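Okay, so here's the structure we're looking at.
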Amino acid sequence: MTTIVLFILLFTFMFMGMPVAVALGLSSLLTILGFGHDSLASLSLKLYETSEHFTLMAIPFFILAGAFMTTGGVAKRMIRFAIASVGHLHGGLAIASVMACVLFAAVSGSSPATVVAVGSIVIAGMVRAGYSQSFAAGVICNAGTLGILIPPSIVLVVYGAVTETSVGALFMAGVVPGLLLGLVLMVAIYVIARMRGMPRQPRASMAEVVTAARDSIWGLLLILIILGGIYGGVFTPTEAAAVAAVYAFFIAVFVYRDIGMKQVPEVLIDASKVTIMLMFIIANALLFAHVLTTERIPQAIAEQIIAWDMSAWQFLIVVNVLLLVAGAFMEPTGIILILAPILFPIATQLGIDPVHLGIIMVINLEIGMVTPPVGLNLFVTAGITNMSIGQVIKAAVPWLMLLLIYLVFITYVPIVTLWLPGLFG
């Protein structure tokens, strides 16, 4: 009865149009007051403990680092390097756009930020070069989803905090699937470009490639600082986030000089707004997870699934279907916070690696970001191209099919995800 009431309240509030954070907190509060044994004081303590979670402290720092990188000219320099490297291929400008998304995803940790930073520059350039606007929008809308898979990913930090899985292992696990997905998109573009005779850019000289690489090196070094620092044992993921924020500030203000000191307060305020919104969702979602745990809801579901004698591969089908449906209606962080506490214990009992489950969830959420009616990347792409949502959906669907095939591959070939974390112990 408690479980039924909790979820009925949650979905009722969400369908009424309440923000996800408020729906999570209010449904949890009413359920505890009506059926639980916790006091209001214990709930206050739970919300306070959320703000002290060491892993979650990485989120505001990664958001701040991404804000400095997005506001500055890092994306432009990465795009210039990508075009110099692969622009001469068939469909080279589109391939370079995906490559730029891969590079920028590794410094931003956010899909919408990747779409805005890269798409606002390359889509117009692709149209001028002879590509259709629909093709350009579809490529960027889908390639931008790499922002939540390639580390540092804010969504992976949230998953690690909720399930107590190593964020370092999750970051390392996201590297190969992220790079491989970028490569899959590039190969698909090349094949389509050869078939359609799409334009090629003039081949850049080696001097131009070296110059472009040198201009973008300071942004690319952020990747090495984060991952190298974590796996070199220099600092934890949370400390790496703090170092990344300071480094991004220094590069944007003193090295590239794209931002003056007068603009720094504006960047700090923008980052603070995003942080407050996200942390408010997380605090209420962890309260929701607290209700699930105290009422033993995940354990009961796990026991029922095991009683049905469901195998791991069958359970993963259920996970993918559930997440694909949820992704069409909710944003990634909310889905992780609601479903991870339920799915994680079941997966553990079925012998599914927690790190592998995390990457499967994130790839599902990538697909959700380009799935109507609430796919965030669809709205961001529509905003930067002045296309209607319907036009953007039509442009994104062919690439969405490719993402679905890739999801099945990652789900049932875990070595792709687990090889690199295993290599580093």
Side-chain angles (χ1 to χ4, degrees), residues 70 75-105 108 111-147 149 180-204 212 328 366-407:
T70 305
K76 291 181 181 178
R77 292 175 175 86
M78 288 181 173
I79 291 168
R80 195 178 305 127
F81 170 61
I83 292 173
S85 301
V86 298
H88 59 278
L89 301 174
H90 288 279
L93 195 52
I95 294 173
S97 300
V98 175
M99 183 177 173
C101 285
V102 170
L103 295 173
F104 193 77
S108 72
S111 286
T114 303
V115 172
V116 170
V118 178
S120 57
I121 300 169
V122 300
I123 291 178
M126 289 170 69
V127 172
R128 284 195 300 270
Y131 296 81
S132 69
Q133 188 181 44
S134 175
F135 182 85
V139 167
I140 296 301
C141 185
N142 283 271
T145 62
L146 292 166
L149 178 58
L180 185 58
L181 179 53
L183 181 62
V184 167
L185 290 171
M186 292 181 201
V187 171
I189 290 170
Y190 180 78
V191 172
I192 294 170
R194 288 293 299 263
M195 293 170 60
R196 297 184 183 179
M198 290 183 175
R200 304 164 66 176
Q201 301 295 112
R203 181 184 289 272
E366 283 189 288
I367 294 171
M369 299 197 79
V370 289
T371 305
V374 190
L376 186 56
N377 279 18
L378 298 173
F379 292 93
V380 174
T381 304
I384 63 176
T385 59
N386 292 320
M387 297 169 66
S388 68
I389 290 294
Q391 290 173 319
V392 176
I393 292 172
K394 186 177 179 181
V397 164
W399 305 100
L400 182 58
M401 298 299 103
L402 193 62
L403 294 184
L404 287 169
I405 295 170
Y406 185 74
L407 170 63

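Values below: every heavy atom of this structure, side chains too, minus hydrogens, waters and symmetry copies. Nothing here was measured: the structure is a model prediction, and the numbers come from that model.
- With hydrogens and angles disregarded, a donor-acceptor distance shorter than 3.5 Å links the side chain of Gln133 to the backbone of Thr385.
- Rounded to the nearest 0.5 Å, atoms CZ (Phe135) and CZ (Arg196) are 6.5 Å apart.
- Note that OH of Tyr406 is 9.5 Å distant from CG of Leu185, once rounded to the nearest 0.5 Å.
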Q | Full working for side chain to side chain contact (heavy atoms under 4.5 Å, CB included) between Leu89 and Met186 | A | CA-CA 11 Å; Leu89 301 174; Met186 292 181 201; over 6 Å; no

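- Residues Gly144 and Cys101 come closest through the heavy atom pair N-SG, 4.2 Å.
- Residues Ala129 and Leu93 come closest through the heavy atom pair CB-CD2, 3.8 Å.
- Considering only heavy atoms from C-beta on, Val191 stays 4.5 Å or farther from His90 through its side chain.
- A donor-acceptor contact shorter than 3.5 Å links the side chain of Asn377 to the backbone of Cys141.
- The CD atom of Glu366 lies 5.5 Å from the CG atom of Leu146; values are rounded to the nearest 0.5 Å.
- Within a 6.0 Å sphere centred on CE of Met195, other residues, nucleotides and ligands contribute 12 heavy atoms or fewer.
- Closest of all the heavy-atom pairs between Gly147 and Ala105 is CA-CB, 3.6 Å.
- Of the inter-residue distances, the one linking Thr381 atom OG1 with Phe379 atom CZ reads 11.0 Å to the nearest 0.5 angstrom.
- With contacts defined as side-chain heavy-atom distances shorter than 4.5 Å, the pair Trp399/Ile189 qualifies.
- Distance check, rounded to the nearest 0.5 Å: OG1 of Thr371 to CG of Leu403 gives 8.5 Å.
- The two residues Ala82 and Ala96 come nearest to each other via the heavy atoms CB-O, 3.3 Å.
- The side-chain heavy atoms of Tyr131 and Val139, taken from C-beta on, include no pair separated by under 4.5 Å.
- Residues Ile389 and Pro372 have side chains not in contact (no heavy-atom distance under 4.5 Å, counting atoms from C-beta outward).
- In terms of heavy-atom proximity, Val392 sits nearest to Met387 at CG2-CB, 3.9 Å.
- Atom-to-atom distance recorded for Gln391:CD and Ile393:CD1 is 10.5 Å, nearest 0.5 angstrom.
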